[in-house]
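For the numbers below, each heavy atom of this structure counts, side chains included, while hydrogens, waters and symmetry mates do not.
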Amino acid sequence: MKRRTLVIIVAVALLGLVVATAASILHDGLSSRATPSRFEIMMARNVRHLAIPSNARLAQNPLLVSPEDLRDARLHFADHCAVCHANDGGGQTMIGSGLYPKPPDLRLPETQSLTDGELFWIIENGVRFTGMPAFSNGGEHGGMQDSWKLVHFIRHLPHLSVAERIEMERYNPKGPDDRAEEQQENDFLNGATPQRKAESQDHHQE
Ligand code: HEC
């Protein structure tokens, strides 16, 4: 009986999603620049909620919050997540705003009301049919520990300080231009501007 109810709920949710998606495609075409309707967002969240196994949803964070772990997670977020989610979790980035669905503002109640287990599951498994990647398959992401630390960090996002955000900027992935600029700044701060060095060498050779 319970199983049947669940099947009916899923069927209704999927049907709703199909209708909402069809309506939105008719309205906006297939552009990912469009903003999903509230109904579409609600249906997508409900389907996702059902897709996360209930024991995973109830999982407790095995790590206690510590300043060291929070810092680790903050820098990790700056390096791997901020391209889409922005350092402050607001989602206002060049990549984020071009995705459909867009990354939600992680500081708002919609995200903060998810359980620790749900946040962990989403980080580990990603969200299918969206830009949210799964991070459980290793790489620089150091396994479950890192994901649980990130869960603590997501809880901290609504209280992120300006100093913390500025520190994160140093850990955002950089392109060659940013690196060159940073190198120049460092050279300048170390007292020798590259041009002067070059000049004095020239004089020496003459
Ligand atoms: C390539 C872009 C991208 C990257 C990189 C990315 N995300 Fe996401 N993320 C998304 C999108 C898009 C969604 C919205 C998915 C949806 O609509 O269900 C999302 C959703 C989420 C959610 C669910 C929020 C909610 O309320 O539904 C969490 C939590 C999250 N991301 C955490 C992270 C963390 C932590 C990282 C880094 C380890 C990360 N994301 C990296 C694009 C990204």
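Here the closest heavy-atom approach between residue Asp105 and residue Thr111 is recorded as O-OG1, 3.8 Å.
Judged purely by atom type and a 3.5 angstrom limit, Arg57 uses its side chain to pair as donor or acceptor with the backbone of Ile52. Remark: side-chain polar atoms of Ser97 are not paired, donor with acceptor, to backbone N or O of Gln92 under 3.5 angstrom. One N or O on the side chain of Thr93 and one on the backbone of Cys84 form a donor-acceptor pair closer than 3.5 Å. Ser113 contributes a side-chain N or O that, together with a main-chain N or O of Pro109, makes up a donor-acceptor pair within less than 3.5 Å. Listed for the Glu118 side chain is a donor-acceptor partner under 3.5 Å among the backbone atoms of Thr115. Within the 3.5 Å criterion, the main-chain N or O of Phe153 finds no donor-acceptor partner in the side chain of Arg74. A donor-acceptor pair under 3.5 Å is formed between the side chain of Asn172 and the backbone N or O of Ala78. Glu164 places a side-chain N or O within donor-acceptor distance of the main-chain N or O of Ser161, the cut-off being under 3.5 Å.
Tracing side-chain contacts under 4.5 Å through hydrophobic residues (I, L, V, M, F, W, Y), one reaches Ile123 starting from Leu63; they form part of the same cluster. Cluster membership check: Leu99 does not share its hydrophobic cluster with Val127, using side-chain heavy-atom separations under 4.5 Å among Ile, Leu, Val, Met, Phe, Trp and Tyr. Linking Ile, Leu, Val, Met, Phe, Trp and Tyr residues whenever their side-chain heavy atoms come within less than 4.5 Å places Ile154 and Met144 in a single cluster. Val151 and Val65 fall within the same hydrophobic cluster, where Ile, Leu, Val, Met, Phe, Trp and Tyr residues are linked whenever their side-chain heavy atoms come under 4.5 Å apart, directly or through other members.
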Checklist entry - Taking it one step at a time, do Asp72 and Lys149 satisfy salt bridge (charged side-chain N to carboxylate O under 4.0 Å, His left out)? => result CA-CA 8 Å; Asp72 274 1; Lys149 288 184 197 175; 2.9 Å; yes
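As a member of the Ile/Leu/Val/Met/Phe/Trp/Tyr network built from side-chain separations under 4.5 Å, Tyr171 groups with Leu75.
Contact check for Glu185 versus Glu181: side-chain heavy atoms found under the 4.5 Å cut-off. When side chains are defined from C-beta on, Glu110 counts as touching Arg45, because their heavy atoms get closer than 4.5 Å. Taking 4.5 Å as the limit, every side-chain heavy atom of Asp116 sits out of range of all side-chain heavy atoms of Gln60.
A distance of 6.0 Å or more separates the ring centres of His152 and His156.
Ring-plane geometry between Phe120 and Trp148 is classed as parallel, the angle between the planes falling under 30 degrees on a 0 to 90 degree scale with a further cut at 60.
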